[in-house]
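Data first, discussion second: the structure below is written as C-alpha cells.
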Protein chains: 2
Amino acid sequence: MNSGEVPDVVVLRLPLYVRVLSQLLHRGDNVVSSDQLGALLQMTPAQIRKDLSYFGRFGKQGRGYDVKFLREKLRGILGLDLKWPTCLVGVGRLGQAIINYPGFVPEGFDILAAFDSDPEQMGTTVGGLAVQPMSCLDETVAAKGISIGIVAVPSAQAQSVIGRLVKAGVHGILNYAPVAPQVPADTVIRNVDPVLSLQSMTFYLMQDRGAPLAAMP
Amino acid sequence: MNSGEVPDVVVLRLPLYVRVLSQLLHRGDNVVSSDQLGALLQMTPAQIRKDLSYFGRFGKQGRGYDVKFLREKLRGILGLDLKWPTCLVGVGRLGQAIINYPGFVPEGFDILAAFDSDPEQMGTTVGGLAVQPMSCLDETVAAKGISIGIVAVPSAQAQSVIGRLVKAGVHGILNYAPVAPQVPADTVIRNVDPVLSLQSMTFYLMQDRGAPLAAMP
DNA sequence: ATATGTGAATGGGTTCACAGCT
DNA sequence: AGCTGTGAACCCATTCACATAT
C-alpha cells in the first residue's frame, strides 16, 4: 500500500470504478477480476490494480475483488457515503434543467438553495426551491453548510459569481459557463463544457477523410 | 515544426486557446505573448509554445503572436470554420435543454434533426425540429450528411443508440448518459458527465478538513 | 491454477534553457 | 532587448513481470 501522494488522474478514475461496480452488483455478480474490470472500462488490468494500490489492498489473490466490498471502500474514500449540501446559481434554462436532473440527488448531491441576480426570478420556484437573490448567498451558504456550488450563469458573470461563492465558504465549484475561471488553490473546480468537447472532436473528424475504416479483402 | 503525431492532450487544449484568443480580439488586443496566454489560462508559456509548435510557426520572435492570425490558424486546424451537421437523440428534459442551448449553433454545430424512441414524442416539435422516430435515423443521417450525434437518452439505451448512430455513419458522439460506451476505433466520443466530476471533487473536499487555508502570522 | 500487489522498466508529456530571429 | 521555437532534460503515469497469496 502506497500512502504517498495520489495522482489526480487516479482520483478522476475512482468514480468510474464505483459506477461499474454498482452495475455488477445490480447484475448479481459478487466477484470481479481486474481483467474483467479492464474489459468493461477499456483499460489495462495493471492500471486498475495500480490505481487501487494507492489506497489499500482490497483484493484476494487467486480470486479477485469482492464487488460489494470494493465498492463500499471506494465510496468511502471518495466521500460518496456522505450528503453534500449544494447550491445552484443561475436559474435560467440551463439552471432549471440542472435542478430537475434526477441524477444528482441519488448520488448524495442535494441542491438545497437556488440563487439568481435577475429580479424577475425572485419569488419564483424552481424544482421546489424558492429562488433567492444573490444578497442572501453568504447567509444561506453558512446556514445550510453548503460546500459545493453549481454555476449556470452567463459567461460574463461566471468569474464574479465563483468569487462570491468561494468567499461565502464554498470549496467546490461545478462550472457550466464556457470560461476558464480562476480559483484559489484550496478550491476544487470542474468545468462542464460540451462545446470544448465538440471542438476538439472535429480535429479528429477532419483527419478521418479516407481513414482506415476496413481493409479491402 | 513537428509533423509527427500530435498528442491528444494537445488537441484538447487547442479549443481553449481559440476561446481566449476570441476574448482578446473582442477586447481589441492585437498581439499576445505566450506569457500573457499562460497567465490567462494558468499554464506555463513553454507549454503553449510547444503545443503550437506541433502545427507550425505562428509567432514573431521578439513580438509574440498576432491574435487574429493565430485564432484563424487554430480554427482552421480544428475545422471550426466548417459547419458540422449534427443530430440529437433523446428529446426528454435534458435533450430539450441541449437543443435550446444557444451555445452550439454559433460555433458551427447545427442540430438538423431530433430523434426519440417514445411514440408519444412523435409529431411534437423541439427547438423548431419535428421529432422523428428512430426508424428514420439512417435515412436522415445520410440525407443531411450528419457526422455528429448528441446522445441524451437514459443510460440503459445509450449503448444501443450509439451503436445505431455509428452504423448510420456518424463518426463523432457527444454522450450525456452516465455510462462509458464502447465505440469503434475510428469513432470519436466525448462524455459529458457532471456527476463523475462531482464525485472526484469530493475526494479533495474530504481532505480539506484542516487544510492550509492561510498560514498563521 | 489463478489473480493480486508492486518494484522496475518503459513511454510520453512537461519544463528547461538557449539558439535564433526581429 | 524581447520573445519564439525546439532539442534535451526531467518528471510522472502506464505497463511489465514476477513474487506472493489462496
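Just so you know, these numbers come straight off a predicted model, no measurement behind them. Here is the naming used below: chain letters follow the sequence lines, and residue numbers restart at 1 for every chain.
For Leu12(B) and dT14(C), the CG to P distance is 10 Å, given to the nearest whole Å. With rounding to whole Å, Phe69(A) atom CZ is found 14 Å from dT4(C) atom P. Distance, Gln47(B) CD to dG12(C) C1': 13 Å, rounded to whole Å. As rounded to whole Å, 8 Å separates atom P of dT14(C) from atom OH of Tyr54(B). Here dT4(D) presents its P atom at 13 Å from OH of Tyr17(B), a figure rounded to the nearest Å. Between Glu5(B) atom CD and dG12(C) atom C1' there is a gap of 13 Å when expressed in whole angstrom units. Computed from coordinates, the Asp51(B) CG to dG12(C) C1' distance equals 14 Å when rounded to whole Å. What separates CZ of Phe55(A) from P of dT6(C) is a distance of 13 Å, to the nearest Å.
The shortest distance between the side-chain N/O atoms of Arg57(B) and the OP1/OP2 oxygens of dT22(C) is not below 4.0 Å. Of the side-chain N and O atoms in Ser34(B), one or more sit less than 4.0 angstrom from OP1 or OP2 of dT4(D). A sub-4.0 Å separation between OP1 or OP2 of dT14(C) and a side-chain N or O of Thr44(B) is absent.
When distances run from any side-chain atom of Arg49(B) to the nucleotides dC16(D), dT6(D), dT4(C), the shortest one goes to dT6(D). For Tyr65(A), the listed nucleotide lying nearest its side chain is dT4(C); candidates were dT6(D), dT4(C), dT14(D). Across dG5(C), dT4(D), dT14(D), the shortest atom-to-atom separation from the side chain of Val9(A) is found for dT14(D). The nucleotide whose nearest atom lies closest to any side-chain atom of Arg13(B) is, among dC3(D), dT6(D), dT14(C), dT14(C). Proximity note for Ala46(A) (side chain, C-beta onward) versus dT15(D), dT14(C), dT6(D): the nearest is dT15(D).
Below the 3.5 angstrom threshold, one finds a donor paired with an acceptor across the side chain of Gln61(B) and the base of dT4(D).
Shown here for Ile148(B) and Ile146(B), the closest heavy-atom pair between the two residues is O-CG2, 3.4 Å. Contact detail for Met43(B) and Asp51(B): the closest heavy-atom pair is CE-OD2, 4.4 Å.
To the nearest 0.5 Å, atom CD1 of residue Ile98(A) and atom OH of residue Tyr101(A) are 11.0 Å apart. From Arg13(A), atom CZ reaches atom CG of Leu41(A) across 10.5 Å, with rounding to the nearest 0.5 Å. How far CG of Leu205(B) is from NE2 of His171(A): 8.5 Å, rounded to the nearest 0.5 Å. Remark: Leu80(B) CG to Arg71(B) CZ distance equals 9.0 Å, nearest 0.5 Å.
Residues passing the ring pair (Phe, Tyr, Trp, His ring centres under 6.0 Å) test with Phe58(B): none are found, sequence neighbours excluded.
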Please write out the pairs of protein N or O atoms and N or O atoms of nucleotides 7-10 of chain C separated by less than 3.5 Å, giving the distance to one decimal.
residue, atom, partner, partner atom, Å
dG7(C), N7, Lys50(A), NZ, 3.4

